Amino acid sequence: MNQQVSSQMLKGILMGCILIILSKKELYGYKISEELQKFGFDSIPKGTIYPLLMNMDKKGLIVGEMRASDEGPQRKYYHLTENGLTEKESFIKQWVFLSGNVEKLLKENK
């Protein structure tokens with residue numbers, strides 16, 4: 001992601017993207033970062049993701065659980081809660097609505 005994006009906007013979008021990623025499988029922070037990179041979020045600092053995960057955990061959207069790892073120290077794996085699943089669905093609906101409207105606006109102003 002080469003272009004500058006507002007920090008607040010990015011955090012909201014990242015939260016929704018993380019919810020979508022975690023709805024498919026449980027992952028730890030670094031793997032979440034790798035998944036985001038696959039979709040173009042390649043310049044997101046790790047210092048952005050971990051505080052966001054802690055915030056999402058405090059809000060009850062995800063739960064982190066320490067587990068042993070074959071590759072080194074224990075890792076904190078995250079999974080969605082029922083509230084997280086509801087929030088994911090809400091994010092998707094809002095994104096479809098907003099992105100569709102912004103696309104219309106952009107097409108009109110070419």
Side-chain angles (χ1 to χ4, degrees):
M1 192 164 68
N2 295 334
Q3 298 177 350
Q4 291 287 64
V5 177
S6 155
S7 168
Q8 285 302 101
M9 183 183 291
L10 180 60
K11 285 178 185 175
I13 292 169
L14 280 178
M15 187 176 84
C17 292
I18 290 171
L19 290 171
I20 292 167
I21 288 168
L22 291 177
S23 72
K24 297 176 185 173
K25 59 185 168 186
E26 295 180 347
L27 294 171
Y28 56 93
Y30 184 75
K31 285 294 186 185
I32 293 169
S33 176
E34 285 183 339
E35 287 294 311
L36 288 168
Q37 287 177 10
K38 289 180 187 177
F39 297 98
F41 295 98
D42 52 356
S43 62
I44 305 299
K46 307 300 179 269
T48 299
I49 292 172
Y50 289 104
L52 189 55
L53 289 170
M54 289 188 335
N55 188 325
M56 293 168 70
D57 196 355
K58 282 182 189 174
K59 289 181 177 179
L61 303 176
I62 61 174
V63 172
E65 176 183 318
M66 295 302 287
R67 293 190 194 155
S69 171
D70 296 338
E71 303 166 5
Q74 286 191 331
R75 295 188 168 123
K76 193 173 209 175
Y77 281 79
Y78 295 94
H79 65 271
L80 288 186
T81 62
E82 285 298 317
N83 286 341
L85 190 58
T86 301
E87 186 67 25
K88 178 197 88 156
E89 296 302 324
S90 176
F91 170 79
I92 291 170
K93 288 177 185 172
Q94 290 176 49
W95 181 259
V96 169
F97 174 76
L98 290 171
S99 64
N101 289 336
V102 170
E103 281 297 318
K104 288 178 200 172
L105 181 66
L106 294 175
K107 284 179 184 175
E108 271 189 29
N109 287 296
K110 282 190 174 183

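Computed from a predicted structure; not experimentally measured.
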With hydrophobic residues grouped by side-chain heavy-atom distances under 4.5 Å, do [X] and [Y] end up in a single group?
| X | Y | value |
| --- | --- | --- |
| Ile32 | Tyr30 | yes |
| Leu98 | Leu106 | no |
| Met15 | Leu85 | yes |

**Fill in**
Given the options Glu89, Lys88, His79, Ser23 meets side-chain contact (heavy atoms from CB on, under 4.5 Å) only with Lys88

Identify the heavy atoms of [X] and [Y] that sit nearest to each other, and give their distance.
| X | Y | result |
| --- | --- | --- |
| Ile62 | Leu19 | CG2-CD2, 4.2 Å |
| Pro73 | Ser69 | O-CB, 3.2 Å |
| Cys17 | Leu36 | CB-CD2, 3.9 Å |
| Glu71 | Tyr28 | OE1-OH, 4.4 Å |
| Ile49 | Ile44 | CG1-CG2, 3.8 Å |
| Met56 | Ile18 | CE-CG2, 3.8 Å |

Once you round to the nearest 0.5 Å, how far does [atom1] of [X] lie from [atom2] of [Y]?
| X | Y | atom1 | atom2 | result |
| --- | --- | --- | --- | --- |
| Ser33 | Leu27 | OG | CG | 11.0 Å |
| Ile21 | Lys38 | CD1 | NZ | 9.0 Å |
| Leu53 | Leu22 | CG | CG | 7.5 Å |
| Tyr78 | Glu65 | OH | CD | 11.5 Å |
| Ile20 | Glu35 | CD1 | CD | 12.5 Å |
| Lys104 | Asn101 | NZ | CG | 5.0 Å |

**Request:** Ignoring hydrogens and angles, tell me if any N or O in the side chain of Thr81 forms a donor-acceptor pair with the backbone of Leu61 under 3.5 Å.
**Result:** yes

**Message:** Other residues, nucleotides and ligands only: do more than 12 of their heavy atoms fall within 6.0 Å of CD on Glu82?
**Reply:** no

**Item:** More than 12 heavy atoms from other groups under 6.0 Å of CG on Asn109
**Value:** yes

**Prompt:** Do Lys25 and Lys31 have side chains that get closer than 4.5 Å, going by heavy atoms?
**Reply:** no

**Request:** Measure the shortest side-chain to side-chain distance between Val96 and Lys93 over non-hydrogen atoms and say whether it is less than 4.5 angstrom.
**Result:** no

**Item:** Salt bridge Glu26-Arg67, side-chain N to carboxylate O under 4.0 Å
**Value:** yes

**Message:** side chain to side chain contact (heavy atoms under 4.5 Å, CB included) for Trp95 and Ile13? Distances and angles first, verdict last.
**Reply:** CA-CA 9 Å; Trp95 181 259; Ile13 292 169; 3.9 Å; yes

